[in-house]
Amino acid sequence: MIDQFRKIIVSLLKEKTDLIEDEIDKCIEIPPDSKMGDYAFPCFSLSKTLKKPPNKIASELAEQISPVNPINEIKAIGPYLNFFLDKKIFSEVVLKKISNETDLYGSDAIGTDKTVVIDYSSPNIAKHLAVHHLRSALIGNALYNIYKELGYKCVGINHLGDWGTQFGQLIVAYRKWGEKNLEKYTITDLNKLYVKFHQEAEKDIHLEDEAREWFKKLENGDGEAIALWKRFKDISLLEFQRVYKMLGIQFDAFVGESFYNTMVDDTVLRIQKKGLSCISEQALIIDLERYNMPPCLLRKKDDTTLYATRDIAAAEYRSAEYHFDKMIYVVGSEQKLHFNQVFKVLELMGYDWANNCVHVDFGLMKFKEGRMSTRKGMVVLLEDLLIEAVERIKKIIEEKNPSLKDKEIVANDVGIGAVIFADLSTKRNKDVIFDWDTVLNFEGETGPYVQYTHARLCSILRKYGKAVTSNIDFALLKEDDAINLIKVLWQYPFVLLKSAQFYEPSLISNYLIDVCAKVNKFYNSHRVLSEDDDLTKARILMVNAARQIIKNGLKILGMHAPTEM
RNA sequence: GCGCCAGUAGCUCAGCUGGAUAGAGCAUCGGAUUUCUAAUCCGGCGGCCGAGGGUUCGAAUCCUUCCUGGCGCGCCA
């Protein structure tokens, strides 16, 4: 989507300068204070070619360019040429567009006929989902929604960590110390075995070898190994699905690493035929020294495959299966090198689509005391956090709005939403310290704040009780508080585009805070419902537009927007 | 040692594809509710934007050196 107001300014400037449209468009900015105008064109860059001071250029341009509808004033302020929109026309364009497009406001067609594969969440099976698994799942889910909104066909893949030496470890632990009634096992039981293995392995170095042997059996299709592994996987999936359901996260495919087991031999063979690999210290590797990277390991000395091998095979498979235009891996930044290696190998294999693979990395979540570790039991289970969030919200509802109907549903929406919003509101590449009171803070720049604002707007509309009309006198929306709100509403589609461009959902959560701050400012100083019918109608239209944007934005983040709370 | 990421108010962060006086929230102090939900709003306090050097008309933003913290660097994922 293009900003039609911006476009008009570009065309006006194009007539009076020698610059091309793109250059002008890049320069145009939104002034820090709306008193200075709605759009501004800095004249510094022109001063070189024109050999005149920028202030002079600005004032000359201001004289030369006469304002045309919807611009009603062009004024030089220092070295800037500032454009003032006709507020009436601006409000009309914005509010009518939102009013017409409703749930589709913000959507775009740039992704039509393009496919994006998004690999997110991708936890290891046989371990609980813990809070540090949140980030990949939530960022991935949000990116899925963002790209879908922009017209892309999205394929969400949960690339389960269901293969690897760790399952050899688990099988060993189960056979040595496990209760034999596998039907009754939960993830907690598997987790205990996993922890036990690592405790014992510190005392007995042979255990690791034994585990590697069992993994080899697994890769070779040994009956007992496969049966155990399959059961471990079923137990895990059952519990994962429960938590995903709580979070409202879905996938198009649950395809784990094991799925590619039958393909890796072929993949490795082709790599070898291309002469990309060599043997080093008994392992099969691809030397990447030329590219300033450590080697990529394909096969261990016992011939079994590694994570990278399976990722390469998986990428090939996905390319053939989905013909993607872009493939996004939402995986922690500690795996940056791994993905750089994998992408480089794909490129060396001759795949031009290797350039369309992106590692969307994010910072580590840890405790004040240090790293989270399943092995050491240093985790907060995701499910526990979600339950606690909902419980705390229930208490607040009893305090503030005890007569609320559907308390359970609202508490769920708000509690889970608070956790989602908290996670998505900082830029993804920052490390985060997990702290109960931070995640479960419900005041200020939080999910509940956004949802609360939405609920209040809904409340006004309920009280109004009549149909919203866009047949209003737009001149009545004249207060700065109103105009500032409408201006920020106009930005939503561009924020969405930017969040896709940078793979950054936090742009949307921060934007929503901005919208809510402006809504609340208006709300606190102006009445919406009043004796003045025309004014009420006008403000209702604006309120409804703000409500719509908050709802659309929350949906992108994977949150519900309760109409009452 | 090498590589990647981060360092902005007491705390958590936004601003970083160079632009007008560095913005929020939390905390703290004070104020706003006979009227649309006070999970809100308004005001006060609070900053050598990690340090130095450079590029530029202009640097929190770009380059460079250094400091601090996190992560990664061959048989885990």
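Note that the structure is a prediction, hence the values are computed from the model and not measured. The chains referred to below are lettered A, B, ... by the order of the sequence lines, with proteins before strands, and numbering in each begins at 1.
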Exercise. A/D361 pairs by salt bridge (Lys or Arg N to Asp or Glu O under 4.0 Å) with which of A/K336, A/K430, A/K427?
Worked result: A/K336
For this session: Give a yes or no on whether a salt bridge exists between A/K216 and A/E213, defined as a side-chain N under 4.0 angstrom from a carboxylate O.
Result: no
Problem set entry | Whole-Å gap separating P (B/G72) and NE2 (A/H359) | 13 Å
Seminar exercise, completed: Whole-Å distance, A/Q491 CD to B/A14 P, equals 20 Å
Seminar exercise, completed: For B/A59, the nucleotide meeting Watson-Crick or G-U wobble distances (both under 3.5 Å) is none
Problem set entry | C1'-based separation of B/C29 from B/U65 [nearest Å] | 44 Å
For this session: Could you tell me whether A/F232 and A/Y194 have their ring centroids closer than 6.0 angstrom?
Result: no
For this session: Respond yes when some side-chain nitrogen or oxygen of A/R212 is under 4.0 Å from OP1 or OP2 of B/C76, and no when none is.
Result: yes
Exercise. At under 4.0 Å between heavy atoms, what does A/K400 touch on the DNA or RNA strands: base, sugar-phosphate, or nothing?
Worked result: base
Exercise. Looking at the side chain of A/E29, which of B/A39, B/A20, B/G72 is the nearest nucleotide?
Worked result: B/A20
For this session: Could you check which nucleotide pairs with B/C48 in any of the strands shown, counting Watson-Crick or G-U wobble with both distances under 3.5 Å?
Result: none
Exercise. Is there a Watson-Crick or G-U wobble partner for B/U68 with both distances under 3.5 Å, and which nucleotide is it?
Worked result: B/A6
Exercise. Does A/R371 make a side-chain N or O approach to OP1 or OP2 of B/G70 shorter than 4.0 Å?
Worked result: no
Exercise. At under 4.0 Å between heavy atoms, what does A/Q451 touch on the DNA or RNA strands: base, sugar-phosphate, or nothing?
Worked result: nothing
Exercise. In terms of side-chain heavy atoms of A/P294, which of B/C73, B/U40, B/A77 is nearest?
Worked result: B/C73
Problem set entry | Distance under 6.0 Å and angle within 45° of ring axis: A/R392 vs A/F442 | no
Exercise. Which part of the nucleic acid, if any, lies within reach of A/P32 when heavy atoms closer than 4.0 Å are counted: base, sugar-phosphate only, or nothing?
Worked result: base
For this session: Using a cut-off of strictly less than 4.0 Å, decide whether A/K336 has a side-chain nitrogen or oxygen near OP1 or OP2 of B/C5.
Result: no
Problem set entry | Separation of atom CG in A/N484 from atom P in B/A24, rounded to whole Å | 13 Å
Exercise. Which nucleotide in the list B/C76, B/G72, B/A39 gets nearest to the side chain of A/K300?
Worked result: B/C76
Problem set entry | A/K427 side chain near B/G15 phosphate (N/O to OP1/OP2, under 4.0 Å) | yes
Exercise. Does a distance-only test, which skips hydrogens and angles, find a donor-acceptor pair under 3.5 Å between the side chain of A/N82 and the base of B/A20?
Worked result: yes
Problem set entry | N/O donor-acceptor pair, side chain A/T446 with base B/G25, under 3.5 angstrom | no
Exercise. What integer distance in Å separates A/I508:CD1 from B/A14:P?
Worked result: 15 Å
Problem set entry | From A/Q501 atom CD to A/L497 atom CG, the distance as rounded to the nearest 0.5 Å | 8.5 Å
For this session: Assign each of A/I513 and A/N520 to its nearest nucleotide of RNA chain B by heavy atoms, then name whichever residue's nucleotide is nearer the 5' end.
Result: A/I513
Seminar exercise, completed: Whole-Å distance, A/Y260 OH to B/A77 C1', equals 16 Å
Exercise. Would you say a side-chain N or O of A/S459 is under 4.0 Å from OP1 or OP2 of B/U37?
Worked result: yes
Exercise. Who does B/U37 pair with, Watson-Crick or G-U, both distances under 3.5 Å?
Worked result: none
Exercise. Which heavy-atom pair separates A/T305 from A/F215 by the least distance, and what is that distance?
Worked result: O-CE2, 4.2 Å
Problem set entry | Basic-acidic side-chain contact under 4.0 Å: A/K521, A/E479 | no
Problem set entry | Selected nucleotide, minimal atom distance to A/I396 side chain, candidates B/G74, B/A39, B/G70 | B/A39
Exercise. From the list B/C41, B/C73, B/U17, which nucleotide is the closest neighbour of the side chain of A/L337?
Worked result: B/C73
Seminar exercise, completed: Taken to the nearest whole Å, CD/A/E443 to C1'/B/A39 is 6 Å
Exercise. Which listed nucleotide (B/U21, B/A39, B/G74) is nearest to the side chain of A/I285?
Worked result: B/G74
For this session: Tell me which nucleotide among B/A14, B/A39, B/A20 gets nearest to the side chain of A/N510.
Result: B/A14
Exercise. Contact class for A/A308 (heavy atom, under 4.0 Å): base, sugar-phosphate, or nothing?
Worked result: nothing
Exercise. Nearest to the side chain of A/I397 - B/C75, B/U37, B/A39?
Worked result: B/A39
Exercise. With the threshold set at 4.0 Å, does a side-chain nitrogen-carboxylate oxygen contact exist between A/D514 and A/K518?
Worked result: yes
For this session: Name the residue closer to the 5' end of RNA chain B, choosing between A/V414 and A/F502 according to the nucleotide with the nearest heavy atom.
Result: A/F502
Problem set entry | Phosphate-side-chain proximity, A/Y307 and B/A77, N/O vs OP1/OP2 below 4.0 Å | no
Exercise. Between B/U40 and A/N524, is there an OP1 or OP2 to side-chain N/O distance shorter than 4.0 Å?
Worked result: no
For this session: Select one nucleotide: of B/U17, B/C41, B/C36, the one nearest the side-chain heavy atoms of A/R527.
Result: B/C36
For this session: Identify whether any heavy atom of A/G78 sits under 4.0 Å from a base atom; if not, whether one sits that close to sugar-phosphate; answer base, sugar-phosphate or nothing.
Result: nothing
Problem set entry | A/Y523 side-chain N/O to B/A38 phosphate OP1/OP2 under 4.0 Å | yes
Exercise. Does the side chain of A/R310 get closer than 4.0 angstrom to OP1 or OP2 of B/A77 through an N or O atom?
Worked result: yes
Problem set entry | Below 4.0 Å: OP1/OP2 of B/C76 and any side-chain N or O of A/T165 | yes
Problem set entry | Complement of B/C73, any strand, by Watson-Crick or G-U distances under 3.5 angstrom | B/G1
Exercise. Please give, in whole Å, the distance from B/G15 P to A/K498 NZ?
Worked result: 7 Å
For this session: Check the distance between B/G69's P and A/F367's CZ and give it to me in whole angstrom.
Result: 22 Å
For this session: Just call it for A/E399: base, sugar-phosphate, or nothing, with non-hydrogen atoms closer than 4.0 Å on any strand.
Result: nothing
Exercise. Parallel, tilted or perpendicular: which fits the ring planes of A/F339 and A/Y307, with parallel below 30° and perpendicular above 60°?
Worked result: perpendicular
Problem set entry | Closest to side chain of A/K430, choosing from B/A39, B/C13, B/A20 | B/C13
For this session: Give A/K127 one of three labels, base, sugar-phosphate or nothing, depending on what nucleic acid heavy atoms sit under 4.0 Å from its own.
Result: nothing
Exercise. Distance between the C1' atoms of B/C67 and B/G52, in whole angstroms?
Worked result: 10 Å
Exercise. Are A/D480 and A/K487 ion-paired here, with the side-chain N under 4.0 Å from a carboxylate O?
Worked result: no
Exercise. Should B/A24 form a Watson-Crick or G-U wobble pair with both distances under 3.5 Å, which nucleotide is its partner?
Worked result: B/U12
